[in-house]
2 protein chains.
Amino acid sequence: MTDQTPPRTHPVRVLLAEDQGMMRGALALLLGMEADIEVVAQVAAGDEIVAAALAHRPDVALLDIELPGLSGLDAAAELRERVPGCRVLILTTFGRPGYLRRAMEAGAAGFLVKDGPVEELAGAVRRVLAGETVVDPALAAAALSAGPSPLTGRECDVLRASADGATVADIAAALHLSESTVRNYLSAAIGKTGTRNRAEALRAARQRGWV
Amino acid sequence: MTDQTPPRTHPVRVLLAEDQGMMRGALALLLGMEADIEVVAQVAAGDEIVAAALAHRPDVALLDIELPGLSGLDAAAELRERVPGCRVLILTTFGRPGYLRRAMEAGAAGFLVKDGPVEELAGAVRRVLAGETVVDPALAAAALSAGPSPLTGRECDVLRASADGATVADIAAALHLSESTVRNYLSAAIGKTGTRNRAEALRAARQRGWV
DNA sequence: CGCCACCCGTGACATTTGTCCTCCCGAACT
DNA sequence: AGTTCGGGAGGACAAATGTCACGGGTGGCG
């Protein structure tokens, strides 16, 4: 069903997932200008990725992380299962160490930050297709030093739900928990992040990719 | 600077200020592909904008808002003074109503969100150069409905300083105020925004461009 | 001159938040 | 069998936060 890799028979088929229309369009045009690359699908939401991949069978999926619907990282994990043979290249605004680790756990083949020069992009696509793993060395080091998340699943949920000034009652209602439980989880998260309150805890956890 | 054809004598000279390398490069390539547009300068930081504009005398400055060093909005105001004749087109990720109002107060000639299609971009540059004011109508309505800020200068300062989980003590120390005073200002800001705590107040104020 | 808005500060108070302790349950591992 | 870990919950308590009433001071303006 999937072709092995002889020299190079046809252009690289790329799926592009990016929510910002201007960025998406610009990247598509950019990649399209490369002779050996063809953008076969563009989506703006995370929950459209798998369907599009099944329909267009891309060789490489270029995924943003912050996407409406489904995170690019979650989509990457799902792609790994449902569309094997499609390599995932994460392209994100934030070079958070934790994002990198989560990307790797999700089976991504590469991790690019949008800060870099555009020339990197086409090269990274080709290298990923060739089986290489593309990662910024400095970022890789930072990711290793950060360590894995000490937060439990529920602690994560509660912390996430505490964003934007939600009260304990709000969080409890949203997650169908008792207020006592919410406070306990928040306290645990604050302790594990070594911070002083939810806001700081959330910030720290995000920074380290623990959410 | 040699050919002369009455309506349009030379290509539109564009200055591009955008911190994300990939976005910047992609936009530059994109605009460069238009026959009548020439990107004469690219900068990645807000505090390089004026210098670059003085050096390259662009017709249109395409400015991101979130920039290191100096905000694109502040840069726009400075351009208005030091480089008159250079029209400012704001290009931003967030279509916050308040950003629009502040952009207009800073003398911007146009306001684009990065969500839109890429085709909009070149057209907007041309329309701005022609003297038109380019604004998304829906966004304009939202900006007007939000009204001017009811927050006093100090309330703003305190609210800004409350970001990222800073405690009352932190804010007081940072602004050289008493803790009581900080709490009073926070309370006032919460009241004026119609919210329940600092985090919500800050969020609301940002949303409406009051910070 | 008063009046008003803004600035800065206290003190008292109710509510919320964060901490620590207890307990129960089920799954997993030894 | 026991132990550990995660989820869920309750109570008690201290600290932080938010509210309110009140006092100053300054500067602009009719």
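Here is the naming used below: chain letters follow the sequence lines, and residue numbers restart at 1 for every chain.
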- Contact class for A:Gly153 (heavy atom, under 4.0 Å): base, sugar-phosphate, or nothing? sugar-phosphate

- Message: Using a 4.0 Å heavy-atom cut-off, does B:Ser178 contact any base of the nucleic acid, only the sugar-phosphate backbone, or nothing at all?
- Response: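 Here B:Ser178 touches the backbone only, sparing every base.
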
Find the distance [X]:[atom1] to [N]:[atom2] and express it as a whole number of Å.
{"X": "B:Leu151", "N": "C:dA5", "atom1": "CG", "atom2": "P", "result": "16 Å"}
{"X": "A:Tyr185", "N": "D:dG10", "atom1": "OH", "atom2": "C1'", "result": "14 Å"}
{"X": "A:Leu186", "N": "C:dT16", "atom1": "CG", "atom2": "P", "result": "15 Å"}
{"X": "B:Asn197", "N": "D:dT17", "atom1": "CG", "atom2": "P", "result": "11 Å"}
{"X": "B:Ile171", "N": "C:dG9", "atom1": "CD1", "atom2": "P", "result": "14 Å"}
{"X": "A:Leu159", "N": "C:dG18", "atom1": "CG", "atom2": "P", "result": "10 Å"}
{"X": "A:Asp170", "N": "C:dT17", "atom1": "CG", "atom2": "P", "result": "9 Å"}
{"X": "A:Lys192", "N": "C:dC20", "atom1": "NZ", "atom2": "C1'", "result": "16 Å"}

- Message: Whether the side chain of B:Arg183 and the base of D:dG18 hold a donor-acceptor pair under 3.5 Å is what I'd like checked.
- Response: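 Pair found.
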
- Query: Can a donor-acceptor pair under 3.5 Å be found between the side-chain atoms of B:Asn184 and the base atoms of C:dC8?
  - Reply: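 Checked by distance alone, the answer is no.
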
Counting C-beta onward and ignoring hydrogens, is there a side-chain heavy-atom pair between [X] and [Y] closer than 4.5 Å?
{"X": "A:Val134", "Y": "A:Phe111", "value": "no"}
{"X": "B:Leu62", "Y": "B:Val39", "value": "no"}
{"X": "B:Pro58", "Y": "B:Val14", "value": "no"}

Please pick, from [options], the nucleotide with the shortest atom-to-atom distance to any side-chain atom of [X].
{"X": "A:Thr167", "options": "D:dA9, C:dT19, C:dT17", "answer": "C:dT17"}
{"X": "A:Ser187", "options": "D:dG18, C:dT19, C:dC8", "answer": "C:dT19"}
{"X": "A:Val168", "options": "D:dA9, D:dG18, C:dT17", "answer": "C:dT17"}

- Starting from the 5' end of DNA chain C, give me the residue, B:Thr152 or B:Glu179, whose nearest nucleotide shows up first.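 It is B:Thr152 whose nearest nucleotide is closer to the 5' end.
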
- Item | DNA chain C: 5'-proximal contact among A:Ala169 and B:Ser180 (nearest heavy atom) |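 The 5'-side residue here is B:Ser180.
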
- Hey, does the side chain of B:Arg198 come within less than 4.0 Å of D:dG18's phosphate (OP1/OP2), counting only N and O?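 Looking at the OP1 and OP2 atoms of D:dG18, one of them is under 4.0 Å from a side-chain N or O of B:Arg198.
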
- Query: Counting only side-chain N and O atoms of A:Arg154, is one of them less than 4.0 Å from OP1 or OP2 of D:dG8?
  - Reply: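 Answer yes for this pair, as a side-chain N or O of A:Arg154 is under 4.0 Å from OP1 or OP2.
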
- Query: Could A:Arg96 and A:Phe94 be counted as a cation-pi pair, given that NZ or CZ must be under 6.0 Å from the ring centre and within 45° of the axis?
  - Reply: yes

- Item | Of A:Thr93, A:Thr92, A:Leu121, A:Leu27, the residue whose pairing with A:Lys114 passes side-chain contact (heavy atoms from CB on, under 4.5 Å) |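 Result: among A:Thr93, A:Thr92, A:Leu121, A:Leu27, A:Thr93 is the only option passing the side-chain contact (heavy atoms from CB on, under 4.5 Å) with A:Lys114.
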
